[in-house]
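Below: one structure, written as structure tokens.
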Amino acid sequence: MTSSPRHILITGGCGFIGSNFVRYWLDRHPESRVVVLDKLTYAGRRENLQERWGQPNLTLVVGDIGDQDLVRRICVEHGTDLIVNFAAETHVDQSILGPLVFTDTNVRGTHVLLEVARELGIRLHHISTDEVYGHIRDGHQSVESDDLSPRSPYAASKAAADQLVQAYAITYGLPVTITRGANNVGPYQYPEKAVPLFSTNAILGEPIPVYGDGLQMRDYAHVHDHCTGIEAVLLHGKTGEVYNVGTGREMTNLEMVDIVLDTLGADHALVRHVTDRPGHDRRYSMNVDKLRALGWAPTYDPRQAVAEAARWYADNRWWWEPIRSGEFRAYYDRQYAERLAGHTS
Ligand code: NAD
Ligand code: TYD
């Protein structure tokens, strides 16, 4: 695939990775026309693209990817030739507290997009995650042909979507591609996720709740490198194929916390080891050679990625202060009040 898609429907474009991708794509492909379809859940925010909304080649439709008539109408009206599906419920801890909406959006919503794509003959690119592989034993790095073994409601719903997308390629010959991203960090990530939560807590002088021993391992990749990876697959990827996107290098959560606190000049005494997440995956690790073979390479190492993300939260209080003082507070108390009251260190 080498021709650049022109009429793109980007679902979840008001979320963290989606908004970074919309900005990146429009800068690199100004001839494209982009429609963002977003339900504007708590994680979806117009202000993530606030300086872009006047742009003539960018349109926002507020709605649900599970609304088949709406998705069909958008695709017909805008002559969509590519759907890129970022829309999802995305937080593991939220999926433990309230899992059903994860099935509604991540499984059924993706299925609706596939049905419309099949009906109208549209290419679909799906954003999946390394969490579909489950936790990875020491010494192994997940490759795209590995079996999926998800362990949280979030990961299970993403694995179901991933497999539905592959089933549509096999059964109907639908032109699809999939990327499986590592833990992303960077601007506009909702502060329920670890790096923005720890960064904003450190700035506010609040405790840093580390689950369990903090020795779980993640590949913290900068969202910019995820965007370039998706672009590489959209332009040069092979139909029906899956590509891992990450740095290929992991660190422990305690190492990540050290980088955040050092970058922000915050006190390491803020760290609290609290009750672990149920079913917490110990390690994610991916081999990214297949994507590298398309000419892509990450530009950030994980340490730089985490440090740069932490700095963004220090420089952009305008973005997260209203979030943290609003509905987020109720979630925070539900998730952390008891844990912090009974913390283990
Ligand atoms: P996010 O939670 O920041 O944003 C999700 C967006 O989807 C929001 O704008 C939300 O309003 C929208 N949305 C939710 N339900 C919807 C629905 N039913 N219809 C339309 N829009 C809806 O998520 P993110 O971190 O940007 O993740 C984007 C995608 O990347 C997801 O598919 C996620 O599974 C995947 N992913 C994320 C990471 C990560 O580290 N954040 C890593 C790998 C893959
Ligand atoms: P998170 O950003 O939620 O991503 P994921 O669970 O999808 O990997 O969490 C990253 C890591 O940080 C993960 O191992 C869980 C851990 N974590 C904490 O220790 N404390 C927290 O408060 C949060 C949100 C996460």
Side-chain angles (χ1 to χ4, degrees), residues 10-22 36-46 48-49 61-67 70-71 84-96 101-102 104-106 108-110 112-113 126-132 135 152 154-155 157-158 161-162 179-186 188-198 201 207-221 223 226 230 244-246 250-254 256-257 271-277 279-284 286 332 335-336 339-340:
I10 298 183
T11 70
C14 293
F16 161 47
I17 305 173
S19 62
N20 277 282
F21 182 77
V22 168
V36 167
L37 171 61
D38 199 296
K39 193 178 173 184
L40 297 181
T41 68
Y42 72 93
R45 314 193 74 84
R46 284 175 210 264
N48 290 1
L49 284 167
V61 178
V62 178
D64 194 320
I65 57 166
D67 181 342
L70 174 65
V71 176
V84 184
N85 181 31
F86 291 92
E89 291 291 335
T90 61
H91 189 39
V92 173
D93 292 324
Q94 300 270 16
S95 84
I96 294 169
V101 67
F102 284 71
D104 294 341
T105 288
N106 300 2
R108 188 180 176 282
T110 302
V112 165
L113 297 177
H126 178 69
I127 310 298
S128 187
T129 163
D130 59 358
E131 306 201 19
V132 300
H135 67 174
S152 71
Y154 164 66
S157 68
K158 292 295 291 184
D162 188 311
T179 42
R180 295 188 182 137
N183 281 65
N184 276 215
V185 297
Y188 306 106
Q189 185 170 32
Y190 195 80
E192 65 192 351
K193 306 287 184 346
V195 169
L197 179 74
F198 294 174
N201 275 16
I208 309 292
V210 172
Y211 294 155
D213 61 12
L215 297 178
Q216 307 84 6
M217 305 202 75
R218 296 290 185 270
D219 174 350
Y220 290 104
V223 65
H226 194 178
I230 295 164
N244 292 339
V245 194
E250 319 87 71
M251 69 174 85
T252 66
N253 285 332
L254 287 179
M256 175 269 280
V257 169
V271 172
R272 304 281 188 282
H273 287 268
V274 300
T275 305
D276 208 348
R277 170 190 283 172
H280 195 169
D281 286 340
R282 196 74 181 159
R283 176 171 177 262
Y284 299 139
M286 287 191 297
Y332 190 84
Q335 181 65 13
Y336 295 105
R339 277 187 159 94
L340 285 168

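The residues of the chain are indexed from 1 along the displayed sequence. As the structure lists them, so they are numbered: ligands from 1, and atoms in each ligand from 1.
Side-chain contact check for E250 and Y284: no donor-acceptor pair (N or O, by modelled atom type) lies under 3.5 Å. With hydrogens and angles left out, the side-chain atoms of N85 and T110 include a donor and acceptor closer than 3.5 Å.
Between A87 and ligand 1, a contact under 3.5 Å exists for no N or O pair.
Here the protein heavy atom with the shortest distance to atom 9 (O) of ligand 1 is D38 OD2, 2.6 Å. Protein heavy atom closest to atom 30 (O) of ligand 1, with residue, atom name and distance, is I127 CG2, 3.3 Å. Scanning all protein heavy atoms for the shortest distance to atom 3 (O) of ligand 1 gives F16 N, 3.0 Å. Closest protein heavy atom to atom 42 (C) of ligand 1: A182 O, 3.1 Å. Counting only heavy atoms of the protein, atom 44 (C) of ligand 1 lies nearest to S128 O, 3.2 Å. The single protein non-hydrogen atom nearest to atom 2 (O) of ligand 1 is T90 OG1, 2.7 Å, given as residue, atom name and distance. The protein heavy atom nearest to atom 21 (N) of ligand 1 is K39 N, 3.1 Å. Here the protein heavy atom with the shortest distance to atom 19 (N) of ligand 1 is I65 N, 3.0 Å.
A donor-acceptor contact shorter than 3.5 Å links the side chain of N106 to the backbone of E89. At distances below 3.5 Å, at least one donor-acceptor pair connects side-chain atoms of N201 with backbone N or O atoms of P207. Without hydrogens or angle criteria, N184 side chain to A182 main chain gives a donor-acceptor distance under 3.5 Å. The backbone N or O of F16 sits less than 3.5 Å from a side-chain atom of S19, completing a donor-acceptor pair. With T11 contributing its side chain and A87 its backbone, the two residues share a donor-acceptor pair below 3.5 Å. Between the side chain of R339 and the backbone N or O of V210 there is no donor-acceptor pair closer than 3.5 Å. A side-chain donor-acceptor contact under 3.5 Å links T41 to the backbone of A43. Put simply, the side chain of K39 never gets that close to the backbone of A88: no donor and acceptor are under 3.5 Å apart.
Atom numbering of ligand 1 starts at 1 in the shown order; those under 4.0 Å from a heavy atom of D64 are 17 (C), 18 (N), 19 (N). Counting atoms of ligand 1 from 1 in the listed order, those under 4.0 Å from a heavy atom of N184 are 39 (C), 40 (O). Counting atoms of ligand 1 from 1 in the listed order, those under 4.0 Å from a heavy atom of N183 are 40 (O). The contact set between ligand 1 and G181, taken as ligand atoms under 4.0 Å from a residue heavy atom, comprises 42 (C), 43 (C). Heavy-atom proximity to F86, at under 4.0 Å, picks out these atoms of ligand 1: 28 (C), 29 (C), 31 (C), 32 (O). Every atom of ligand 1 is numbered from 1 in the order shown, and the set under 4.0 Å from a heavy atom of L40 is 11 (O). Those atoms of ligand 1 that come under 4.0 Å of a heavy atom in T41, given as number and element, are 10 (C), 11 (O), 14 (C), 15 (N).
For atom 37 (C) of ligand 1, the nearest non-hydrogen atom from the set T129, I17, T11, V101 comes from I17. Which of A88, G12, S19 comes nearest to atom 14 (C) of ligand 1 through a heavy atom is settled by distance: it is A88.
At a 4.0 Å heavy-atom cut-off, ligand 1 touches Y154 through the side chain alone. Residue contacts with ligand 1 for K158 involve side-chain atoms from C-beta outward but no N, CA, C or O (heavy atoms, distance under 4.0 Å).
In this structure, D213 pairs ionically with R282, as a charged nitrogen and a carboxylate oxygen lie closer than 4.0 Å.
Proximity of G13 to ligand 1 is not established, as no heavy-atom distance is less than 4.0 Å. Residue contact check for ligand 1: G66 places no non-hydrogen atom closer than 4.0 Å to it. At least one heavy atom of G63 sits closer than 4.0 Å to an atom of ligand 1.
For the side-chain hydrogen bond (donor to acceptor under 3.5 Å, both in side chains) test, residues two or more places apart in sequence or in another chain that qualify with S128 are D162.
Protein residues having a heavy atom under 4.0 Å from any atom of ligand 2 are H91, V92, D93, E131, N183, E192, K193, A194, L197, F198, P209, V210, Y211, Q216, R218, Y220, N253, R277, H280, Y284, Y336, listed by chain and number.
Ring geometry for Y336 versus Y211: interplanar angle under 30°, hence parallel rather than tilted (30 to 60°).
Distance CD1/I96 to CZ/F102: 9.0 Å, rounded to 0.5 Å.
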Could you go through the side-chain contact (heavy atoms from CB on, under 4.5 Å) check for Q189 and V223 one step at a time?
CA-CA 10 Å; Q189 185 170 32; V223 65; over 6 Å; no
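More than 12 non-hydrogen atoms from other residues, nucleotides or ligands lie less than 6.0 angstrom from CZ of R283.
No side-chain heavy atom of N20 sits less than 4.5 Å from a side-chain heavy atom of H226.
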